[in-house]
Amino acid sequence: MTPPPGIEQRRILKTAIPGPRSAELHARKNTAVSAGVSTGLPVYVERAGGGILVDIDGNQLIDFGSGIAVTTVGNSAPRVVERVQAQVADFTHTCFMITPYAEYVEVAEALNELTPGEHEKRSALFNSGAEAVENAVKIARSYTGRSAIVAFDHAYHGRTNLTMALTAKNMPYKHRFGPFANEIYRVPMAYPYRWPTGPENCADEAFEAFVSQLHAQVGEENTAAVIIEPIQGEGGFIVPPAGYLARVAEWCHDNGVLLIADEIQTGFCRTGDWFACDHEGVVPDLITTAKGIAGGLPLAAVTGRAQVMDAVHGGGLGGTYGGNPVACAGALGAIETMKAEDLPARARAIEALFVPRLREMAAKYPQIGDLRGRGAMLAIELVSDPEAKTPDAGLTAAVNRACHAAGLVTLTAGTYGNVLRFLPPLSITDELLVEGLDILEQAFAASV
Ligand SMILES: Cc1ncc(COP(=O)(O)O)c(C=O)c1O
């Protein structure tokens with residue numbers, strides 16, 4: 001993929017990370033911005049593109065984070081820039097609910113075509129992932145006339161009140177923010193690495209636990225929807241065993257329960273296909289998307305079966321900014337890029353480059369307990385004792401810090417804070433990927 005012009009695709013360290021100008025700005029941030037909004041790596045960015053972030057001290061960092069899986073097509077991707085600039089000059093807002101515009105309809109048409117399943121679909125656009133999830137729940141309740149929503153251990157669905165209830169992890173997402181929305185129930189996740197009786201039993205036993213707990217504690221006839229991330233994101237890139245999702249989908253279908261696939265982190269080419277459900281041949285009733293959809297502009301969507309989406313009364317869905325024309329222009333530019341540059345194939349190529357290197361590191365460092373993920377959504381889970389699988393959040397933080405100091409932007413994740421995750425933009429060059437992996441290996445050597 002051709003990186004945007006103007007930014008040399010090279011790591012450059014001119015100062016310590018963070019540099020003095022970033023440190024100065026960070027001091028201002030601390031007196032101006034709520035302490036509740038923290039930053040993982042306080043280098044202040046001036047420009048970005050390809051696989052590089054340029055900070056205000058002139059350092060050039062390698063990006064293995066994509067702003068948490070958002071800039072899949074790269075920052076300021078040329079087709080996104082072109083369409084957004086033209087749209088800003090034409091008009092910035094009318095409110096689709098008042099006087100509509102073509103770009104919203106075009107994004108909905110693209111989503112209906114690209115998401116899993118050949119059935120007739122409809123879409124509705126929103127501003128953030130959490131807002132899309134909230135609306136998927138509203139739609140599911142409206143269509144089924146039922147109230148219960150079933151979510152999984154290790155799930156992350158957002159930070160609004162309803163989505164905090166769906167999110168599994170207390171710190172930092174839920175702590176002291178309750179009470180939460182009711183009629184949310186939680187079942188075990190099929191997490192092969194940590195399945196108590198071993199990964200080989202995970203698919204069957206997790207499915208059995210899902211069915212029996214849902215029956216005993218909620219009741220099928222009370223359940224509007226089951227919501228699942230096909231690969232869990234913030235929970236630590238947990239990939240359920242092959243076939244598990246399809247069994248959940250079948251059970252939902254047999255019981256009149258809607259399946260909501262939250263593909264906010266996994267969607268739009270990230271996992272080596274357009275959507276993670278595609279790998280498993282799973283067709284959800286509703287799918288939520290955001291993040292990678294619009295090349296960095298805030299946009300989110302719910303897409304689903306026409307009869308489900310159309311069951312909602314007129315005026316029941318919407319919002320002032322939902323499907324803003326500039327964000328829609330960004331989405332049309334991003335989707336055009338994904339098609340023109342065959343980005344699912346690029347994500348698979350990144351996996352092919354990454355995984356052997358990570359395997360080598362895992363062979364060398366027993367602290368790497370598990371290596372998992374798909375496409376350009378890969379992670380390693382770190383443990384202090386490989387037998388007991390004791391989570392090692394301290395080592396994870398140390399490796400992360402060492403990567404940052406060397407000019408590589410990495411992110412952590414996981415219920416136990418012991419997962420290092422890699423989400424490079426698909427516009428990154430192979431040279432930067434290799435250099436980033438070298439830095440990761442050095443960070444391990446320095447931290448264990
Ligand atoms: C799977 C999933 N769902 C929902 C969300 C919430 O999206 P947003 O932060 O845009 O509200 C996220 C964000 O990380 C996510 O990964």
Side-chain angles (χ1 to χ4, degrees), residues 36-40 65-72 115 124-138 140 149-169 172-174 177 180-181 184 186 189 191 225-240 245 259-271 275-277 282 284 286-303 319 321-324 327 330-331 334 373-379 411-415 417 419 421-423:
V37 184
S38 63
T39 47
S66 298
I68 321 186
V70 170
T71 52
T72 304
T115 50
L125 304 185
F126 304 98
N127 301 291
S128 69
E131 201 187 344
V133 171
E134 293 249 358
N135 279 280
V137 169
K138 281 165 60 174
I149 305 292
V150 173
F152 288 80
D153 282 340
H154 309 287
Y156 182 87
H157 297 291
R159 297 171 179 262
T160 57
N161 188 267
L162 175 58
T163 57
M164 274 192 293
L166 292 165
T167 289
K169 189 174 174 178
Y173 307 125
K174 301 169 76 164
F177 295 149
F180 303 113
I184 306 294
R186 197 170 303 288
M189 176 62 184
Y191 186 170
V226 169
I227 182 164
I228 189 163
E229 300 154 82
I231 297 176
Q232 288 183 320
E234 305 303 302
F237 289 16
I238 299 165
V239 187
L245 280 177
L259 179 68
I260 305 172
D262 181 347
E263 291 241 21
I264 286 166
Q265 191 151 163
T266 49
F268 288 102
C269 310
R270 176 56 57 189
T271 64
F275 294 92
C277 279
V282 166
L286 295 172
I287 177 167
T288 53
T289 52
K291 289 192 182 279
I293 190 175
L297 282 97
L299 190 72
V302 182
T303 300
Y321 293 115
N324 167 272
R374 210 172 258 154
M377 181 174 183
L378 299 167
L411 309 174
T412 59
T415 300
V419 175
R421 58 173 159 167
F422 311 109
L423 292 160

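Indexing begins at 1, ligand by ligand and atom by atom, following the structure's order. The basis for the numbers below is simple: all heavy atoms, side chains too, and nothing from hydrogens, waters or symmetry mates. Quantities reported herein were computed from a predicted structural model and do not represent experimental measurements.
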Ring centres of Phe126 and Tyr321 under 6.0 Å apart?
no
What are the atoms of ligand 1, with element, lying closer than 4.0 Å to any heavy atom of Glu229?
1 (C)
Of the protein's non-hydrogen atoms, which lies at the shortest distance from atom 10 (O) of ligand 1, and what is that distance?
Gly129 N, 2.8 Å
With no hydrogens and no angle check, is any side-chain donor or acceptor of Glu229 less than 3.5 Å from a backbone partner on Phe152?
no
Glu263 side chain to Ala276 backbone, donor-acceptor under 3.5 Å
yes
Identity and separation of the nearest protein heavy atom to atom 13 (C) of ligand 1
Lys291 CE, 3.3 Å
Any chance OH of Tyr173 has more than 12 other-residue heavy atoms, nucleotides or ligands included, within less than 6.0 Å?
yes
Looking at Ser128, which atoms of ligand 1 are within less than 4.0 Å of one of its heavy atoms?
10 (O), 11 (O)
Could you check whether any side-chain N or O of Lys169 sits under 3.5 Å from a backbone N or O of Gly414, counting only pairs where one atom can act as donor and the other as acceptor?
yes
Any idea which part of Ala290 is under 4.0 Å from ligand 1, heavy-atom wise: side chain, backbone, both or neither?
neither
Indicate, as side chain, backbone, both or neither, the part of Glu263 found under 4.0 angstrom from ligand 1 when only non-hydrogen atoms are considered.
neither
Supply the atom-to-atom distance Leu166 CG to Ile184 CD1, rounded to the nearest 0.5 angstrom.
4.0 Å
Nearest to atom 16 (O) of ligand 1, what protein heavy atom do you find, and at what distance?
Gln265 NE2, 2.9 Å
Can you pull out the closest protein heavy atom to atom 6 (C) of ligand 1? Residue, atom name and distance to 0.1 Å, please.
Ala130 N, 3.7 Å
Would Glu234 and Ile68 satisfy side chain to side chain contact (heavy atoms under 4.5 Å, CB included), going step by step from the backbone distance to the final call?
CA-CA 10 Å; Glu234 305 303 302; Ile68 321 186; 3.8 Å; yes
Polar contact flag for Asp262 and ligand 1 (N/O pairs, less than 3.5 Å):
yes
Per-atom filter on ligand 1: closer than 4.0 angstrom to a heavy atom of Glu234 are 14 (O)
